[in-house]
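Here is how names work: the chains are called A, B, and so on, in the same order as the sequence lines, proteins then strands, and each is numbered from 1. The structure displayed is predicted, hence computed values, not measured ones.
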There are 2 protein chains.
Amino acid sequence: MRIGELSERTGLSRDAIRFYERIGLVESRRSPNGYREFGEEVLPWLDYVRTAQRLGFSLAEIARHGAELREAPDSAAALSALFAERIAAVDAKLAELSALRAELAARAGTGCPLEPDRVSSRP
Amino acid sequence: MRIGELSERTGLSRDAIRFYERIGLVESRRSPNGYREFGEEVLPWLDYVRTAQRLGFSLAEIARHGAELREAPDSAAALSALFAERIAAVDAKLAELSALRAELAARAGTGCPLEPDRVSSRP
DNA sequence: GTAAACGCTGGAGTGCACTCCAATGTCAAG
DNA sequence: CTTGACATTGGAGTGCACTCCAGCGTTTAC
């Protein structure tokens with residue numbers, strides 16, 4: 001498929017896709033006329049990119065994950081290790097978010113906002 | 001406390017703190033010599049800023065939340081509403097992360113990596 | 001055959017969140 | 001009284017993740 005269709009099916013702009021290609025986040029073949037040709041497999045990949053990115057992973061990180069996966073020997077062990085790493089990172093973020101949530105909930109309980117302006121200012 | 005101490009106690013650079021002040025994320029009084037003077041209350045606030053930011057909230061958003069909290073009428077209802085909003089946002093992020101984790105776990109289970117390079121390319 | 005829609009490139013510009021720097025001022029210790 | 005650590009400002013620079021544009025070629029519909 002060409003870049004326009006990919007753009008519509010992913011919700012990414014053409015410019016964003018071309019940018020992703022420049023930084024090695026996605027690959028394409030070229031038609032004889034020079035147009036990019038993308039395979040169907042980029043759809044789930046870009047979907048993953050979108051999700052991971054929205055959740056705080058940088059494009060550089062994501063590109064590295066993709067590269068590692070592609071360069072990894074086919075051994076299930078190597079792949080598992082890579083995924084385990086990713087999952088651990090996600091779990092860490094989950095834990096942080098839970099902590100933030102707890103903090104918010106605790107402060108919601110008291111009358112005390114995040115920035116105690118007039119609280120605890122009486123010596 | 002002055003900016004150097006605050007920097008050490010928060011782990012933020014002096015420049016970052018001055019930048020935060022410029023965008024209204026934190027406030028200070030000035031000593032007669034022009035030095036910034038920060039109260040103890042900025043410590044938990046900057047800690048919160050750090051956490052929230054690391055978890056995907058922009059400084060603009062965080063500043064807005066702080067401002068809302070400060071400008072909110074003292075009504076417990078208003079504060080509760082603001083906290084409920086924040087918590088809902090955090091919960092949404094938690095849900096997204098959980099989904100990503102599930103996706104990772106699922107793909108780790110199959111032999112199929114994120115970018116199925118040689119999979120499903122046999123017609 | 002022509003107009004609209006689509007594609008290409010290179011380069012400039014944007015917004016965010018800082019970081020670095022130079023020139024200058026303040027203050028405590030020796 | 002100088003030295004050093006710390007403070008101030010304004011402005012420039014950085015890295016990220018795009019976005020926009022000019023100027024051009026290609027494809028498609030009529």
When the distance from CZ of Arg2(A) to P of dC8(C) is rounded to whole Å, what number comes out?
9 Å
Without swapping roles, check the side chain of Glu37(B) against the backbone of Arg29(B) for a donor-acceptor pair under 3.5 Å.
no
Where do Ala63(B) and Gly24(B) come nearest, in terms of heavy atoms and distance?
CB-O, 4.5 Å
What nucleic acid atoms does Arg30(A) come within less than 4.0 Å of, heavy atoms only: base, sugar-phosphate, or nothing?
sugar-phosphate
Would you say Ser28(B) and Glu21(B) are linked by a side-chain donor-acceptor pair, where the criterion is simply a distance under 3.5 Å?
yes
Flag, side chain of Glu5(B) to backbone of Arg2(B), donor-acceptor distance under 3.5 Å:
no
Please state whether the phosphate of dC8(C), meaning OP1 or OP2, lies under 4.0 angstrom from any side-chain nitrogen or oxygen of Asn33(A).
no
Backbone of Leu25(A) reached by a side-chain donor or acceptor of Trp45(A) within 3.5 Å
yes
Which whole-number value in Å describes the distance from Ile17(B) CD1 to dT19(C) P?
11 Å
Nearest-neighbour nucleotide for the Arg50(A) side chain, dT9(C), dC18(D), dC6(D) considered
dC18(D)
Under 4.0 Å from OP1 or OP2 of dC8(C): is there any side-chain N or O of Arg36(A) that close?
yes
Rounded distance (Å) that lies between atom C1' of dT9(D) and atom CZ of Arg22(B)
10 Å
Would the distance check show the side chain of Thr10(B) and the main-chain N or O of Leu6(B) forming a donor-acceptor pair, the cut-off being under 3.5 Å?
yes
Treating Ser31(B) as the side-chain partner and Asn33(B) as the backbone partner, does any N or O pair qualify as donor plus acceptor under 3.5 Å?
no
Looking only at dG25(C), dT19(D), dT28(D), the nucleotide nearest the Asp15(A) side chain is dT19(D)
Between the protein and nucleotides 15-17 of chain C, are there any N/O to N/O pairs under 3.5 Å, and if so, what are the atom names and distances?
{"from": "dA17(C)", "atom 1": "OP1", "to": "Leu59(B)", "atom 2": "N", "distance (Å)": "2.9"}

Residue met sooner reading DNA chain D from 5', once Glu8(B) and Glu21(B) are mapped to nucleotides:
Glu8(B)
Closer than 4.0 Å, any side-chain N/O of Arg18(A) to the OP1 or OP2 of dC8(C)?
yes
Would you indicate which nucleotide in dC8(C), dA7(D), dC18(C) comes nearest to any side-chain atom of Ala16(B)?
dC18(C)
Nucleotide nearest Tyr35(A) when distance is taken to its side chain, options dT9(D), dA7(D), dT27(D):
dT27(D)
